[in-house]
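Below you will find the structure I want to go over with you.
Residue numbers start from 1 in every chain, and the chains themselves are labelled A, B, ... in the order their sequence lines are given, proteins ahead of strands.
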Amino acid sequence: MTLLRACDALAGAKMTRDYSQRPARCKLNVDSQRASAHPGRDSPGVVGLQRSQPFGQAGDVGNYSRRVRNRIHGYTDPVFQRLSASSGRLRSMCGRYVVRQSADDLAEEFGVDRVEVHERLEPDYNVAPTKTSPVVLARPPRDAKDAGPVRQLRVLTWGLVPSWAKDPKIGSRLINARAETVHEKPAFRRAFGTRRLIIPTSGFYEWFPTQQRTTSGKPVKQPFYLRPKDEGVLALAGIYEFWRNPDKPRDDDDAWMTTFTIITTNATDDVGHIHDRMPMTVSRDNWRNWLDPTINDPDDIHALMAPPPAGSLDLYPVSKAVNNVKNNGPELIEPLPPS
DNA sequence: CCAGACGTTGTT
DNA sequence: GTCTGG
DNA sequence: CCAGACGTTGTT
DNA sequence: GTCTGG
């Protein structure tokens, strides 16, 4: 079953694509571990390549499907293993994710010195913008501001509210920051210099636009779950900011709001000139420096984050139940049964 | 000088 | 269509 | 990211 | 707060 056929089937598409027709101006190389697409040349070993219109330029690897090869959660297309890095049709960013670990798990995993979490952390299978979520950051403790940075686990709100914002609802639009520009954007640059954090996740969701259209003509989207193959923690790169609520008195517990955003990047990959967005991650070796607020040089900081290594993620389609933020539970990351 | 923005992804 | 809320 | 709401002044 | 556009 090819990726496109699988997704269209999942979406219940009535209009079928031509899954076998090969466009005149494409080639698709397939070997055991990688595939690439290029305009204008023939290629042996091409199976099941399709596209609704000719390729425009190198790197435009839009609508194609691949040969059956592996067996992943009942699906037999290798693209399912690497879709995030190999298909132009899955636009990876980060708009929903999963945290299964307890506060104790996270404290242990990240070696935090202070657990500034005052409620019980339940596993969250549907973390959405504007919701709170645990993060790891390093700064002087509130009660000893002259001391050195201390690594802490805190619960912050997703969606960065710049310090100068008049209205905090701007945060619901600032859920991602582009790595390419985060050091210069007025809304992000200050935080990038001195307020970086790690968002611990178990994995994240992406929505794949299928061939089927809604009555208003928009593509029906199939959610996928992406997670590390080793099922370990996925440490996303983020920044945070403080915002003073002018309507609250100084001594009010809610006088300050602390929010964060997730940094995204082009996924570099070994598959071709692909330009998907993905969340940035921080490898374990770089956790300390990433969190260190005394490292301020943008080039130095950029060197500390990277996309998930090629081939390190597993991905598979899941129920559309995840669409609604009211739904939550382990069933959201159950692989959707093959149709 | 003041006014107004300050962000991302998606889409054919 | 566009914005807000989760 | 998706789901769900979306509204005011004028007064033909 | 800080930058851009007028």
Side-chain angles (χ1 to χ4, degrees), chain A residues 11 17 51-57 60-63 84 87-99 124-133 156-195 199 201 203-211 213-226 236 238-239 241-244 246 257 259-267 275-280 317-328 332-333:
Chain A
R17 313 184 205 221
R51 188 168 162 79
S52 54
Q53 52 191 335
F55 274 60
Q57 51 190 321
D60 176 9
V61 199
N63 306 330
S84 64
S87 168
R89 305 203 69 224
L90 181 69
R91 313 302 288 195
S92 283
M93 44 90 66
C94 201
R96 215 73 80 79
Y97 62 85
V98 172
V99 189
D124 194 333
Y125 294 85
N126 206 348
V127 183
T130 74
K131 287 180 71 175
T132 59
S133 192
L156 306 187
T157 301
W158 184 10
L160 188 138
V161 180
S163 60
W164 40 258
K166 292 181 187 67
D167 188 335
K169 62 186 180 220
I170 189 175
S172 65
R173 299 201 302 281
L174 305 186
I175 65 171
N176 292 129
R178 295 174 62 88
E180 300 89 328
T181 54
V182 64
H183 59 285
E184 52 193 21
K185 294 292 184 186
F188 299 140
R189 55 185 296 179
R190 189 178 299 271
F192 186 68
T194 59
R195 288 184 294 276
I199 303 104
T201 72
F204 59 96
Y205 297 102
E206 298 289 353
W207 279 259
F208 183 101
T210 68
Q211 187 80 348
R213 299 301 158 128
T214 64
T215 50
S216 59
K218 292 176 180 167
V220 171
K221 292 184 174 182
Q222 172 60 48
F224 280 70
Y225 183 56
L226 302 86
L236 305 188
I239 56 178
E241 186 59 272
F242 297 104
W243 180 76
R244 173 66 211 266
M257 186 178 188
T259 58
F260 69 92
T261 191
I262 297 172
I263 298 174
T264 63
T265 185
N266 280 333
H275 297 285
D276 295 342
R277 305 297 300 177
M278 303 196 72
M280 275 290 197
V318 294
S319 159
K320 286 194 180 70
V322 71
N323 288 10
N324 196 320
V325 298
K326 287 181 290 191
N327 296 327
N328 209 319
L332 297 186
I333 62 170

(request) List the atom of A:Pro223, the atom of A:Trp207, and the distance in Å for their closest heavy-atom pair. (result) CB-NE1, 3.5 Å
(request) Mind calculating the distance between CD1 (A:Ile263) and C1' (B:dG7) to the nearest angstrom? (result) 14 Å
(request) Look at all strands and tell whether A:Thr261 reaches a base, only sugar-phosphate, or nothing, counting heavy atoms closer than 4.0 Å. (result) nothing
(request) Report the distance from atom CG of A:Leu236 to atom P of D:dC1, rounded to the nearest whole Å. (result) 16 Å
(request) From the options C:dG6, D:dG4, B:dG7, select the nucleotide whose nearest atom is closest to the side chain of A:Asn324. (result) D:dG4
(message) Can you identify which nucleotide, out of D:dC1, B:dT8, C:dG6, has its nearest atom closest to the A:Met93 side chain?
(response) D:dC1
(message) For the C1' atoms, the ones on B:dT8 and on D:dC1, what distance do you get once it is rounded to whole angstrom?
(response) 11 Å
(message) Please give me the minimum heavy-atom distance between A:Thr259 and A:Gly159, naming the atom from each residue.
(response) CB-O, 3.1 Å
(request) Rounded off to whole Å, could you give me the CD1-to-P distance for the A:Ile175 and C:dT4 pair? (result) 14 Å
(request) Starting from P on E:dT4, measure out to NZ on A:Lys185 and report it in whole angstrom. (result) 10 Å
(message) Quick check for you: among C:dT4, D:dC1, B:dT11, whose closest atom lies nearest to any side-chain atom of A:Arg173?
(response) C:dT4
(request) Under 4.0 Å between any heavy atoms, over every strand shown, what does A:Pro129 touch: base, sugar-phosphate, or nothing? Just pick one. (result) base
(request) Say whether, by atom type as modelled, one donor and one acceptor occur between the side chain of A:Thr261 and the main chain of A:Ile175 under 3.5 angstrom. (result) yes
(message) Distance check, C1' atoms only: C:dT4 and B:dG7, in whole angstrom units.
(response) 16 Å
(message) Regarding A:Phe188, tell me which of base, sugar-phosphate or nothing describes its non-hydrogen contacts under 4.0 Å with the strands shown.
(response) sugar-phosphate
(request) Starting from P on D:dC2, measure out to CG on A:Asn327 and report it in whole angstrom. (result) 15 Å
(message) Is the phosphate of B:dT11 approached by A:Lys218 (side-chain N or O, under 4.0 Å from OP1 or OP2)?
(response) no
(message) Regarding A:Ala128, tell me which of base, sugar-phosphate or nothing describes its non-hydrogen contacts under 4.0 Å with the strands shown.
(response) base
(message) Any strand counts, and the cut-off is 3.5 Å on both contacts for Watson-Crick or G-U wobble. Which nucleotide pairs with D:dC6?
(response) C:dG1
(request) Look at the side chain of A:Trp164 and decide which nucleotide, out of B:dT8, E:dG1, D:dA3, has an atom nearest to it. (result) E:dG1
(request) Examine E:dG1: is either OP1 or OP2 under 4.0 Å from a nitrogen or oxygen in the side chain of A:Arg190? Give yes or no. (result) no
(message) Can you identify which nucleotide, out of D:dG4, C:dT4, C:dG6, has its nearest atom closest to the A:Lys169 side chain?
(response) C:dT4
(request) Quote, to the nearest angstrom, the P distance that separates B:dA3 from D:dG10. (result) 25 Å
(request) Could you check how far CD1 of A:Ile262 sits from C1' of D:dC1, rounded to whole Å? (result) 11 Å
(request) Spell out, as yes or no, whether a donor-acceptor pair under 3.5 Å connects the side chain of A:Glu206 to the backbone of A:Met93. (result) yes
(message) Would you say A:Lys326 places a side-chain N or O within less than 4.0 Å of OP1 or OP2 belonging to D:dG4?
(response) yes
(request) Please measure how far the P atom in B:dT12 lies from the corresponding atom in D:dC2, and state the result in whole Å. (result) 14 Å
(message) It should be established whether A:Thr264 places a side-chain nitrogen or oxygen under 4.0 Å from OP1 or OP2 of nucleotide B:dT9.
(response) yes
(message) Side chain of A:Arg96, heavy atoms from C-beta onward: which of B:dT8, D:dC2, C:dG5 has the nearest atom to it?
(response) D:dC2
(request) For the side chain of A:Leu174, starting at C-beta, report the closest nucleotide among C:dG6, B:dT12, B:dG7. (result) B:dG7
(request) Report yes if at least one side-chain N or O of A:Arg178 is closer than 4.0 Å to OP1 or OP2 of B:dT9; otherwise report no. (result) yes
(request) Indicate whether OP1 or OP2 belonging to D:dA3 is found under 4.0 Å from a side-chain N or O atom of A:Asn323. (result) yes
(request) Report the distance from atom CH2 of A:Trp207 to atom C1' of B:dT8, rounded to the nearest whole Å. (result) 15 Å
(request) Using a cut-off of strictly less than 4.0 Å, decide whether A:Arg213 has a side-chain nitrogen or oxygen near OP1 or OP2 of B:dT12. (result) yes
(message) What is the distance, to the nearest angstrom, from the CH2 atom on A:Trp158 to the P atom on D:dC2?
(response) 12 Å
(request) Give A:Ile170 one of three labels, base, sugar-phosphate or nothing, depending on what nucleic acid heavy atoms sit under 4.0 Å from its own. (result) nothing
(request) Quick one: label A:Ser163 by what it contacts on the DNA or RNA (base, sugar-phosphate, nothing), any heavy atom closer than 4.0 Å. (result) nothing
(request) Would you name the heavy atoms of A:Ser133 and A:Phe260 that are closest together and state the gap between them? (result) CB-CZ, 4.3 Å
(request) Report, as yes or no, whether the 6.0 Å neighbourhood of atom NZ on A:Lys218 holds more than 12 heavy atoms from other residues, nucleotides or ligands. (result) no
(message) For the P atoms, the ones on B:dC6 and on D:dC6, what distance do you get once it is rounded to whole angstrom?
(response) 26 Å
(request) Could you pull out the closest heavy-atom pair between A:Phe188 and A:Val182, with the gap in Å? (result) CB-O, 3.5 Å
(message) Would you compute the distance between atom CE of A:Met278 and atom CD1 of A:Ile263 and round it to the nearest 0.5 angstrom?
(response) 14.5 Å
